[in-house]
Trainee: 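The following block contains the structure, expressed as structure tokens.
Below, chain A is the first sequence line, B the second, and so on; all start at residue 1. Computed over heavy atoms, backbone and side chain alike; hydrogens, waters and symmetry mates excluded.
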2 protein chains.
Amino acid sequence: MVTHTEENYLKAIYKISEKDKKPAGTNAIAKEMDTSAASVTDMLKRLSEKGFIKYQKYKGVNLSSKGSKIATNLIRKHRLWESFLVDKLDFTWDAVHDIAEQMEHIKSEVLVQKLDEYLGFPKFDPHGDPIPNADGKFTLRVQILLSLLRKNDKAVIIGVKEHDDDFLRFLNSKNLQLGSKVIIIEKNDYDKSMTVTVEGVQVMLSEKITKQIYVKKHE
Amino acid sequence: MVTHTEENYLKAIYKISEKDKKPAGTNAIAKEMDTSAASVTDMLKRLSEKGFIKYQKYKGVNLSSKGSKIATNLIRKHRLWESFLVDKLDFTWDAVHDIAEQMEHIKSEVLVQKLDEYLGFPKFDPHGDPIPNADGKFTLRVQILLSLLRKNDKAVIIGVKEHDDDFLRFLNSKNLQLGSKVIIIEKNDYDKSMTVTVEGVQVMLSEKITKQIYVKKHE
DNA sequence: TAATATATTTAGATTAGTCTAAAAAAATAT
DNA sequence: ATATTTTTTTAGACTAATCTAAATATATTA
Ligand SMILES: [Mn+2]
Ligand SMILES: [Mn+2]
Ligand SMILES: [Mn+2]
Ligand SMILES: [Mn+2]
């Protein structure tokens, strides 16, 4: 048995050790979970006793295979529900994360199966993030940051690094979405900002923005 | 703010006082919630302090308008999700209750709105129970128990009183579902059992069964 | 290497929700 | 009207999850 809160910790640990490629530290987890370091230590003991993590005092923490299974399944459910909300209920990509945070905790194997089927077994969610399969395997894909492209390059937007709702709404306002075709018109050497055309229209994008957008080069 | 558990208590209180047409007693709530009477008393104090119920020691409990709003909204969400599971994900009516018990707690006004629209604003759930609208109003409907019909009566099944999964699966096995047309062939005076045809096929139904099925008389 | 800074853990409390056992109130029966 | 039964509340304790403040371990820097 794993509680709602334990699930969230396991997901946080997964994300952190995935990003940093090393055991997750107490403070990093506290930040991700928006809680105190003391609370994290308490929880790590509990998770360790339940066999979800490998934990040694002061040494940081790694998921066990049991914990990893739970974390990837949670991510799978989160992304499937986000897909449902966007594809079926017509939500925009900036409005689905908080709802999916709740829905990912619904417990029912058959529900996930049927949902996956209903959605047509999507491989990526509305933000371009890969949806792990039932075994926790992610589809890998070549993706580079928009910031790395050069003048005259053509590309298609396939994902975003940042998931902040305000950032997503900014992209909406510039007509930048998954699948949008962009052409680099100009790149400023000094501040690294770019002028691009998005589906015909010209927009200027600062480096802060272009470093958050994943693209696939075109032609 | 209302917790998951508080929501469940409010729903239980709603159901009980609806059925008994009087304030809900501690023991009745304890039974519905599958918990101890002592825990219920604790919770009643908390709910009372939050203004969700009107409670006087030893006198039983009634929902306040605030509490009633929460309870009916929970029922609305429960029944909408059950409809979703059956209509969109192809679940059978005996497999949706436990999942909907979880989904009813998802917090998002706009989600409920969009779900309602996506389902085509259904008025009844897969068990024939009315789905309250956003104001908590239920659609009323003439419905009588199958047990009250007489020889040669014709009727359509529009609901079930009992929601137990085994009972629902029993009905599946006899091909009895919402919308099924039944004709009373014979009614046994002694044990009140009935022989009926369901979509052409003859079956025998004990009174225990016929008292759990709501129908609308036909012609 | 010793001093300082940072990261982590412990100590001790708090809140929500739960329990069992015992006490008290209300309802029912004699 | 009293005794008995049933219902409800209180007392006291437990777990999960959280907090702040203090202590300790580890890492960094001089
Ligand atoms: Mn998300
Ligand atoms: Mn996403
Ligand atoms: Mn139900
Ligand atoms: Mn139902």
Trainee: Kindly say if B:Arg46 contacts the phosphate of C:dA16, meaning a side-chain N or O under 4.0 Å from OP1 or OP2.
Mentor: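 So the side-chain polar atoms of B:Arg46 never come under 4.0 Å of the phosphate oxygens OP1 or OP2 of C:dA16.
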
Trainee: Among B:His4, B:Arg79, B:Lys11, which residue meets the side chain to side chain donor-acceptor pair (under 3.5 Å) test with B:Glu104?
Mentor: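 Answer after filtering B:His4, B:Arg79, B:Lys11: B:Lys11.
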
Trainee: In whole Å, I'd like the distance from the CG atom of A:Leu44 to the C1' atom of D:dT18.
Mentor: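 Taking atom C1' of D:dT18 as the reference, CG of A:Leu44 is at 14 Å.
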
Trainee: Which residue, A:Tyr9 or A:Lys57, contacts DNA chain D at a nucleotide closer to its 5' end, judged by nearest heavy atom?
Mentor: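 Its nucleotide being nearer the 5' end, the pick is A:Tyr9.
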
Trainee: Are A:His78 and A:Asp125 close enough that a side-chain donor and a side-chain acceptor fall under 3.5 Å?
Mentor: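 No - no donor-acceptor pair under 3.5 Å links their side chains.
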
Trainee: Cationic tip of B:Lys88 within the cone over B:Tyr118's six-membered ring, i.e. under 6.0 Å and within 45° of the normal?
Mentor: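 Judged by the rule, B:Lys88 and B:Tyr118 form a cation-pi pair.
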
Trainee: Flag this pair as yes if the NZ/CZ of B:Arg141 is under 6.0 angstrom from the six-membered ring centre of B:Phe124 and inside a 45 degree cone about the axis; otherwise no.
Mentor: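 Satisfied, under 6.0 Å and within 45°.
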
Trainee: Do the side-chain N or O atoms of A:Thr5 get closer than 4.0 angstrom to the phosphate oxygens (OP1, OP2) of D:dA16?
Mentor: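 No, no such contact exists.
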
Trainee: Identify which nucleotide among D:dT9, D:dA17, C:dA16 has an atom closest to any side-chain atom of A:Glu6, counting heavy atoms from C-beta outward.
Mentor: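 For A:Glu6, the side-chain atoms sit closest to D:dA17.
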
Trainee: Looking only at the side chain of A:Tyr58 (C-beta and beyond, no hydrogens), which of the listed nucleotides C:dT8, C:dT10, D:dT10 gets closest?
Mentor: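 Ranking C:dT8, C:dT10, D:dT10 by closest atom to the A:Tyr58 side chain puts C:dT8 first.
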
Trainee: Whole angstrom is fine here: how far is it from CG in B:Asp42 over to P in D:dT15?
Mentor: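 Going from CG in B:Asp42 over to P in D:dT15 covers 17 Å.
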
Trainee: Please report, rounded to the nearest Å, how far the C1' atom of C:dA24 is from the NZ atom of B:Lys59.
Mentor: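 So the two atoms are 14 Å apart, to the nearest Å.
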
Trainee: Tell me: NE2 of A:His4 to P of D:dT15, nearest whole Å?
Mentor: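 In whole Å, D:dT15 P and A:His4 NE2 are 23 Å from each other.
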
Trainee: Nearest of D:dT20, C:dT8, D:dT18 to any side-chain atom of A:Asn27?
Mentor: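 My answer, after comparing the listed nucleotides, is C:dT8.
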
Trainee: Taking 4.0 Å as the cut-off, does a side-chain nitrogen or oxygen of B:Thr26 come that near to OP1 or OP2 on D:dT7?
Mentor: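 Checking B:Thr26 against D:dT7: no side-chain N or O falls below 4.0 Å of OP1 or OP2.
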
Trainee: Roughly how many Å is it from CD1 in A:Ile13 to P in C:dT8, rounded to a whole number?
Mentor: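 For the pair A:Ile13 CD1 and C:dT8 P, the rounded distance is 13 Å.
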
Trainee: Under 4.0 Å from OP1 or OP2 of C:dT9: is there any side-chain N or O of A:Thr41 that close?
Mentor: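 Yes, because at least one side-chain N or O of A:Thr41 sits under 4.0 Å from OP1 or OP2 of C:dT9.
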
Trainee: I want to verify a distance call: between C:dT18, C:dT9, D:dT18, whose nearest atom is closest to the A:Ala37 side chain?
Mentor: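 Output: C:dT9.
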
Trainee: Can you measure A:Met43 atom CE to C:dT9 atom C1' for me and round it to whole angstrom units?
Mentor: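 One finds 16 Å between C1' of C:dT9 and CE of A:Met43, rounded.
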
Trainee: Return no unless some side-chain N or O of A:Thr35 is found under 4.0 Å from OP1 or OP2 of D:dA17.
Mentor: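 Checking A:Thr35 against D:dA17: no side-chain N or O falls below 4.0 Å of OP1 or OP2.
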
Trainee: Would you say D:dT20 has OP1 or OP2 under 4.0 Å from some side-chain N or O of A:Ser36?
Mentor: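 No, A:Ser36 has no side-chain N/O under 4.0 Å of OP1/OP2 on D:dT20.
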
Trainee: Roughly, in whole Å, what's the span from NZ in A:Lys45 to P in D:dA17?
Mentor: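 Whole-Å distance recorded here is 15 Å.
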
Trainee: Check B:Leu80 against B:Leu115 and note the closest heavy-atom contact, atom names and distance.
Mentor: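 That would be CB-CD2, 3.8 Å.
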
Trainee: Figure out the CG/P separation between A:Leu10 and D:dA17, and round it to whole Å.
Mentor: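 From A:Leu10 CG to D:dA17 P: 11 Å.
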
Trainee: For C:dG17, does OP1 or OP2 lie under 4.0 Å from any side-chain N or O of B:Ser39?
Mentor: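 For C:dG17, neither OP1 nor OP2 has a side-chain N or O of B:Ser39 closer than 4.0 Å.
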
